[in-house]
Amino acid sequence: EVQLQASGGGLVRPGGSLRLSCAASGFSIDSYTMGWFRQAPGKRREWVSFIHKRDGSTDYVDSVKGRFTISRDSAQNTVYLHMNSLKPEDTAVYYCARTEAHYYSDCRRPSRYDFWGQGTQVTVSS
(Lines give C-alpha, C1' and ligand atoms only; values in the text may rest on other atoms or scores of the structure.)
Protein backbone atom coordinates (compact mmCIF):
# COMPACT_ATOMS: atom_id res chain seq x y z
CA GLU A 1 0.00 0.00 0.00
CA VAL A 2 1.36 3.39 -1.00
CA GLN A 3 1.58 5.85 1.87
CA LEU A 4 3.12 9.26 2.51
CA GLN A 5 3.28 10.36 6.12
CA ALA A 6 4.18 14.01 6.69
CA SER A 7 5.30 15.20 10.10
CA GLY A 8 7.35 17.86 11.84
CA GLY A 9 5.04 20.81 11.69
CA GLY A 10 4.29 23.06 14.63
CA LEU A 11 4.25 26.56 16.03
CA VAL A 12 7.45 28.56 15.63
CA ARG A 13 8.41 32.20 16.07
CA PRO A 14 9.47 34.33 13.09
CA GLY A 15 13.08 33.62 12.28
CA GLY A 16 12.87 30.10 13.65
CA SER A 17 13.42 26.76 11.97
CA LEU A 18 11.56 23.51 11.42
CA ARG A 19 12.32 20.28 9.64
CA LEU A 20 9.45 18.52 7.93
CA SER A 21 9.66 14.81 7.17
CA CYS A 22 7.76 12.78 4.62
CA ALA A 23 8.09 9.05 5.21
CA ALA A 24 7.15 6.96 2.20
CA SER A 25 6.09 3.33 2.07
CA GLY A 26 4.92 1.05 -0.70
CA PHE A 27 7.31 2.57 -3.25
CA SER A 28 10.85 3.92 -3.51
CA ILE A 29 11.30 7.68 -3.37
CA ASP A 30 14.28 7.27 -5.72
CA SER A 31 11.90 6.24 -8.50
CA TYR A 32 9.83 9.43 -8.27
CA THR A 33 10.30 13.15 -8.14
CA MET A 34 9.18 14.17 -4.68
CA GLY A 35 7.60 17.54 -4.01
CA TRP A 36 6.49 19.74 -1.16
CA PHE A 37 3.45 21.99 -1.46
CA ARG A 38 1.64 24.27 0.96
CA GLN A 39 -1.82 25.69 1.29
CA ALA A 40 -2.75 28.66 3.43
CA PRO A 41 -6.36 29.35 4.45
CA GLY A 42 -8.34 30.76 1.55
CA LYS A 43 -5.49 30.28 -0.90
CA ARG A 44 -4.68 27.81 -3.63
CA ARG A 45 -2.22 25.01 -3.07
CA GLU A 46 1.24 26.30 -3.91
CA TRP A 47 4.28 24.36 -5.04
CA VAL A 48 7.27 24.91 -2.71
CA SER A 49 10.05 22.58 -3.81
CA PHE A 50 10.93 19.32 -5.48
CA ILE A 51 13.84 16.90 -5.64
CA HIS A 52 14.13 15.25 -9.04
CA LYS A 53 14.23 11.50 -9.48
CA ARG A 54 16.84 11.64 -12.23
CA ASP A 55 19.76 13.12 -10.37
CA GLY A 56 18.52 14.59 -7.10
CA SER A 57 18.51 18.10 -8.51
CA THR A 58 16.29 20.53 -6.66
CA ASP A 59 14.12 23.54 -7.35
CA TYR A 60 12.33 26.06 -5.16
CA VAL A 61 9.66 28.69 -5.43
CA ASP A 62 11.29 32.11 -5.31
CA SER A 63 9.77 33.04 -1.95
CA VAL A 64 11.68 30.27 -0.13
CA LYS A 65 14.97 30.23 -2.02
CA GLY A 66 17.90 30.56 0.34
CA ARG A 67 15.73 29.64 3.34
CA PHE A 68 14.37 26.15 2.59
CA THR A 69 16.30 23.04 1.59
CA ILE A 70 14.82 19.79 0.32
CA SER A 71 16.70 16.53 0.76
CA ARG A 72 16.11 12.83 0.72
CA ASP A 73 17.40 9.80 2.60
CA SER A 74 17.07 6.77 0.37
CA ALA A 75 17.87 4.31 3.14
CA GLN A 76 15.03 5.73 5.25
CA ASN A 77 12.83 6.29 2.18
CA THR A 78 12.14 9.75 3.56
CA VAL A 79 12.12 13.25 2.09
CA TYR A 80 12.83 16.30 4.24
CA LEU A 81 12.14 19.98 4.01
CA HIS A 82 14.49 22.04 6.16
CA MET A 83 12.96 25.46 6.77
CA ASN A 84 15.01 28.32 8.17
CA SER A 85 14.33 32.02 8.73
CA LEU A 86 10.62 31.31 8.83
CA LYS A 87 8.21 34.14 8.19
CA PRO A 88 4.51 34.55 9.09
CA GLU A 89 3.68 34.19 5.39
CA ASP A 90 5.08 30.65 5.50
CA THR A 91 2.12 29.65 7.67
CA ALA A 92 0.23 26.88 5.88
CA VAL A 93 -0.51 23.20 5.79
CA TYR A 94 2.45 21.51 4.10
CA TYR A 95 1.98 18.44 1.92
CA CYS A 96 4.40 16.04 0.33
CA ALA A 97 3.58 14.26 -2.91
CA ARG A 98 5.13 12.20 -5.68
CA THR A 99 5.18 12.55 -9.45
CA GLU A 100 6.53 10.62 -12.43
CA ALA A 101 6.81 13.86 -14.39
CA HIS A 102 10.19 14.57 -15.95
CA TYR A 103 10.24 18.20 -16.98
CA TYR A 104 10.78 20.84 -14.31
CA SER A 105 7.73 22.80 -15.45
CA ASP A 106 5.55 19.75 -14.89
CA CYS A 107 7.12 19.07 -11.51
CA ARG A 108 5.86 22.47 -10.30
CA ARG A 109 2.23 21.65 -11.11
CA PRO A 110 0.07 20.01 -8.42
CA SER A 111 -2.02 18.29 -11.11
CA ARG A 112 1.00 16.21 -12.12
CA TYR A 113 1.30 14.57 -8.72
CA ASP A 114 -0.54 11.31 -8.29
CA PHE A 115 -0.27 10.64 -4.57
CA TRP A 116 -0.34 12.99 -1.59
CA GLY A 117 0.36 12.79 2.09
CA GLN A 118 -2.06 14.07 4.70
CA GLY A 119 -0.35 17.37 5.44
CA THR A 120 1.28 18.92 8.49
CA GLN A 121 0.47 22.36 9.90
CA VAL A 122 3.19 25.00 10.12
CA THR A 123 2.34 28.19 12.01
CA VAL A 124 4.81 31.06 12.21
CA SER A 125 3.74 33.59 14.78
CA SER A 126 5.10 35.62 17.65
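Taking the ring centre of W47 as origin, the terminal cationic atom of R112 falls outside the region bounded by 6.0 Å and 45° from the ring axis.
Although no hydrogens or angles enter the test, the distance criterion places a donor-acceptor pair under 3.5 Å between the side chain of N77 and the main chain of I29. At least one donor-acceptor pair under 3.5 Å links the side chain of Q118 to the backbone N or O of A6. Counting only distance, with no hydrogens or angles, the side chain of S49 and the backbone of D59 share a donor-acceptor pair below 3.5 Å. No donor-acceptor pair closer than 3.5 Å links the side chain of D73 to the backbone N or O of T78. R13 contributes a side-chain N or O that, together with a main-chain N or O of S126, makes up a donor-acceptor pair within less than 3.5 Å. Judged by distance alone, with hydrogens and angles left aside, the side-chain atoms of T33 form a donor-acceptor pair with the main-chain N or O of K53 at under 3.5 Å.
With sequence neighbours excluded, the residues that form a side-chain hydrogen bond (donor to acceptor under 3.5 Å, both in side chains) with K65 are D62.
Between the CZ atom in R109 and the OG1 atom in T99 there is a gap of 10.0 Å [rounded to 0.5 Å]. If you take CD on E1 and CZ on F27, they are separated by 12.0 Å, rounding to the nearest 0.5 Å. Rounding to the nearest 0.5 Å places OG of S105 at 10.0 Å from NE2 of H102. Between atom OG of residue S28 and atom CZ of residue R72 there is a gap of 8.5 Å, rounded to the nearest 0.5 Å.
Side-chain heavy atoms closer than 4.5 Å link hydrophobic residues (I, L, V, M, F, W, Y) into clusters, and following such links, even through other members, never connects Y80 to W116. Under the 4.5 Å side-chain heavy-atom criterion for grouping Ile, Leu, Val, Met, Phe, Trp and Tyr, V124 is connected to M83 within one hydrophobic cluster. Linking Ile, Leu, Val, Met, Phe, Trp and Tyr whenever their side-chain heavy atoms come within less than 4.5 Å puts V64 and I51 in one cluster.
A heavy-atom distance below 4.5 Å is found between the side chains of T91 and Q121. Using a 4.5 Å heavy-atom threshold, the side chains of L11 and S125 count as touching. Between V122 and R38 the shortest side-chain heavy-atom distance does not fall below 4.5 Å. Side-chain contact between F50 and M34: absent, with no pair of heavy atoms (C-beta onward) separated by less than 4.5 Å. You'll find the side chain of T120 reaches within 4.5 Å of the side chain of L20, heavy atoms only. Residues I70 and V79 meet the side-chain proximity criterion, which asks for heavy atoms closer than 4.5 Å. Side chains of Y95 and L4 form no contact here, defined as non-hydrogen atoms less than 4.5 Å apart. Between R67 and D90 there is a side-chain heavy-atom pair separated by less than 4.5 Å.
The two residues E46 and S63 make their nearest non-hydrogen contact at OE2-OG, 4.3 Å. Of all heavy-atom pairs between D106 and A101, the closest is CB-CB, 3.7 Å. Annotation for S21 and W36: closest pair O-CH2, 3.7 Å, computed over non-hydrogen atoms.
Ring pair Y113/F37 is perpendicular by interplanar angle, where above 60° counts as perpendicular and below 30° as parallel. The aromatic rings of F68 and Y94 are tilted relative to each other, their planes meeting at an angle between 30° and 60°.
Other residues, nucleotides and ligands place more than 12 heavy atoms under 6.0 Å from the CZ atom of R54.
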